[in-house]
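Written below as structure tokens is the structure these notes are about.
Quick caveat, the model's predicted, so the values are computed rather than measured. We're numbering straight along the sequence, starting at 1. The analysis underlying the following values was restricted to heavy atoms, covering all of them including side chains, and did not include hydrogens, waters or symmetry mates.
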Amino acid sequence: MRHFLTLKDFSKEEILEIIDIGLEIKKNLVSKIYNQELKNQTLGMIFEKSSTRTRVSFEVGMFQLGGHALFLSNRDIHLGRGEPVKDTARVISSMCDMVMIRTFEHSKIEEFAAYSKVPVINGLTDSYHPVQLLADYMTLVEHGVEKNIVAAYVGDGNNMTHSWMILAAKLGFELRVATPSGYEVDAKILEEALAFAKESGAVIKIMNDPKEAIKGATVVTTDTWVSMGQEEEKEERLKVFKGFMVDDEMMSLAKDGAKFLHCLPAYRGYEVSESVFEKHSEIIFNEAENRLHAQKGLMVWLSRHR
Ligand code: CP
Ligand code: NVA
């Protein structure tokens, strides 16, 4: 049995296989042929943070695969009132066939997985957001640019940045990360990514100058400056991140025809300008929709590896 907690535990071939299954299912969905491979199976979804895309995509995805999904908010289940993670894991995994969790500390999902009898999927932790990267890469494949990725991530060194680093390191492309000083990526995760990069030939560069990162990039991406759980730091962050907005001037430094991705929700006038967002809205909303298709690929893959 395999869990999907970070991309670190997956080989390049496995990541591509998950995306291929997702793309195949997506193709069939258009012609209304439904893959019912998870018929009568149940996905428990524990949310300790807000969500639009993750909730809708997992719930709809499980339904389309013939199964059922349960939305479990920590406001409603006993986990939110102090029932231990390991007890919650043993109970829920005795009844569900798969569990998806969105939470704060990454160690919490690791503990849950250690006690779970069924595959556990990371739907975002403070440290990683791997399902988003499956959708992002699927989108780049659909746009035919996956062979030529020089990616620039501009903004906060957060869960999205960490997952971009691991994806680049596993698949072997170049990633430049520009964050303000003091908001760099986690040093340990960077070290792990660099170790994978050595094997794959990926190039990961860390810097503080967004322009240097974007220069000549074929893919530009960013994320909110204030992640869930950091609301109290908002005022300070908005000051520090000035100069990191991806606007038209920044995008003009990228390679002609460069793609812009955003995991959403997007805060216009902060990490991205309204103009850049709207110019790239087609690919951005394709990326959002691909959460559904990529995660269907993931759930099918996990169920085939039990
Ligand atoms: N991108 C993403 O994970 O969106 P939600 O927070 O809406 O799930
Ligand atoms: N970094 C953001 C991603 C939201 C999908 C957060 O953790 O809030």
Side-chain angles (χ1 to χ4, degrees), residues 1-10 18 37-134 158-160 162-163 166 186 188-189 227-232 263 291-292 294-306:
M1 179 182 83
R2 299 281 294 275
H3 298 298
F4 187 79
L5 304 189
T6 81
L7 292 166
K8 288 186 286 188
D9 306 326
F10 286 75
I18 290 167
E37 203 164 321
L38 301 189
K39 196 163 194 287
N40 295 332
Q41 295 204 28
T42 303
L43 173 74
M45 306 188 299
I46 301 175
F47 281 92
E48 296 204 292
K49 289 177 174 172
S50 305
S51 169
T52 300
R53 283 143 287 270
T54 305
R55 177 178 177 182
V56 176
S57 54
F58 271 109
E59 190 160 337
V60 170
M62 197 56 178
F63 172 77
Q64 290 180 345
L65 288 168
H68 176 76
L70 283 100
F71 173 70
L72 306 164
S73 146
N74 72 327
R75 278 184 294 277
D76 306 317
I77 61 173
H78 284 280
L79 183 68
R81 331 179 31 247
E83 183 166 12
V85 171
K86 59 184 181 180
D87 293 0
T88 309
R90 285 177 282 195
V91 171
I92 294 182
S93 72
S94 72
M95 300 181 215
C96 292
D97 301 283
M98 233 174 256
V99 183
M100 183 244 93
I101 305 176
R102 168 167 285 197
T103 188
F104 292 86
E105 305 88 354
H106 190 72
S107 56
K108 211 165 177 180
I109 199 168
E110 288 176 332
E111 185 184 357
F112 193 105
Y115 284 89
S116 172
K117 294 193 241 335
V118 300
V120 175
I121 298 171
N122 181 354
L124 182 147
T125 61
D126 289 344
S127 309
Y128 301 98
H129 196 7
V131 283
Q132 179 68 52
L133 269 293
L134 291 180
N158 64 13
N159 43 13
M160 279 299 298
H162 296 152
S163 289
I166 305 296
D186 181 277
K188 190 168 165 275
I189 299 174
S227 284
M228 290 179 276
Q230 297 173 335
E231 291 76 9
E232 284 178 6
C263 66
R291 293 291 304 276
L292 169 68
Q295 289 158 199
K296 285 168 79 179
L298 173 63
M299 289 190 285
V300 165
W301 192 94
L302 289 172
S303 107
R304 287 181 189 168
H305 287 80
R306 292 199 59 186

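Ring-plane geometry between F47 and F71 is classed as tilted, the angle between the planes lying from 30 to 60 degrees on a 0 to 90 degree scale.
Contact annotation: the side chain of Q132 approaches that of R291 to within less than 4.5 Å [non-hydrogen atoms, C-beta and beyond]. In this structure, T125 and N159 have side chains that are not in contact, with every pair of non-hydrogen atoms separated by 4.5 Å or more. Within the 4.5 Å cutoff, no side-chain heavy atoms of D186 are placed close to those of S127. By the 4.5 Å heavy-atom criterion applied to side chains, M299 and M100 are not counted as neighbours. For the pair H129/T54, a side-chain contact is recorded, criterion being any heavy-atom separation below 4.5 Å from C-beta on. Two residues are said to be in side-chain contact when any heavy atoms from C-beta on lie closer than 4.5 Å; Y128 and I189 meet this criterion. Counting heavy atoms from C-beta outward, L124 and M228 have side chains that approach closer than 4.5 Å. Counting only heavy atoms from C-beta outward, the side chains of L134 and L7 approach each other to under 4.5 Å.
S116 contributes no side-chain N or O that, together with a main-chain N or O of F112, makes up a donor-acceptor pair within less than 3.5 Å. Side chain of E231 to backbone of G229: a donor-acceptor contact under 3.5 angstrom is found. Between the side chain of R102 and the backbone N or O of G123, at least one donor-acceptor pair lies under 3.5 Å. The backbone N or O of M160 sits nowhere less than 3.5 Å from a side-chain atom of S163 that would complete a donor-acceptor pair.
Of all heavy-atom pairs between L70 and C96, the closest is CD1-SG, 4.1 Å. Taking every heavy atom of both residues into account, R306 and V118 meet most closely at NH2-CG1, 3.7 Å. When all heavy atoms are compared, the tightest approach of M1 to P119 is SD-N, 3.5 Å. When every heavy atom of A294 is checked against every heavy atom of I18, the shortest pair comes out as O-CG2, 4.1 Å. In this structure, P130 and N122 approach most closely via the heavy-atom pair CD-ND2, 3.6 Å.
Partners of H3 by ring-ring contact (aromatic ring centres under 6.0 Å, His included), not counting sequence neighbours: none found. Scored by the ring-ring contact (aromatic ring centres under 6.0 Å, His included) test, F10 finds F4, W301 as partners (sequence neighbours excluded). In this structure, F58 has no ring-ring contact (aromatic ring centres under 6.0 Å, His included) partners at least two apart in sequence or on a different chain. Annotation: ring-ring contact (aromatic ring centres under 6.0 Å, His included) contacts of F63 (sequence neighbours excluded): none.
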Using residues 75-86 as the side-chain source, report each donor-acceptor pair under 3.5 Å to any protein atom, sequence neighbours left out, with the distance given to one decimal.
{"from": "H78", "atom 1": "ND1", "to": "R81", "atom 2": "NH1", "distance (Å)": "3.0"}

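In this structure, CG on N40 lies 11.5 Å from NE2 on H68, to the nearest 0.5 angstrom. The CD atom of E59 sits 4.5 Å away from atom CE of M45, with the distance rounded to the nearest 0.5 Å. Between the CG atom in L302 and the CG atom in D97 there is a gap of 12.0 Å [rounded to 0.5 Å]. Residue I109 holds its CD1 atom at 4.5 Å from CD1 of I101, rounded to the nearest 0.5 Å. Interatomic distance, NZ of K188 versus NE2 of H162, reported as 11.0 Å (0.5 Å rounding). One finds the OH atom of Y115 at 12.0 Å from the OG1 atom of T88 (value rounded to the nearest 0.5 Å).
Residue E232 qualifies as open at atom CD: its count of foreign heavy atoms under 6.0 Å is 12 or below.
Sequence neighbours left out, not one pair with a member in residues 83-104 passes ring-ring contact (aromatic ring centres under 6.0 Å, His included).
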Please lay out, stage by stage, how V91 and M95 fare under the test side-chain contact (heavy atoms from CB on, under 4.5 Å).
CA-CA 7 Å; V91 171; M95 300 181 215; 3.8 Å; yes
As a quick check of understanding, evaluate side-chain contact (heavy atoms from CB on, under 4.5 Å) for T103 and I46, giving each step before the final call.
CA-CA 8 Å; T103 188; I46 301 175; over 6 Å; no
Applying side-chain contact (heavy atoms from CB on, under 4.5 Å) to M62 and Q41, what does each step give before you reach the verdict?
CA-CA 8 Å; M62 197 56 178; Q41 295 204 28; 3.7 Å; yes
Go through the steps to decide whether L72 and I92 satisfy the test side-chain contact (heavy atoms from CB on, under 4.5 Å), and finish with yes or no.
CA-CA 10 Å; L72 306 164; I92 294 182; 3.9 Å; yes
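Here K108 does not pair with D126 in a salt bridge; the nearest charged N to carboxylate O distance is not below 4.0 Å.
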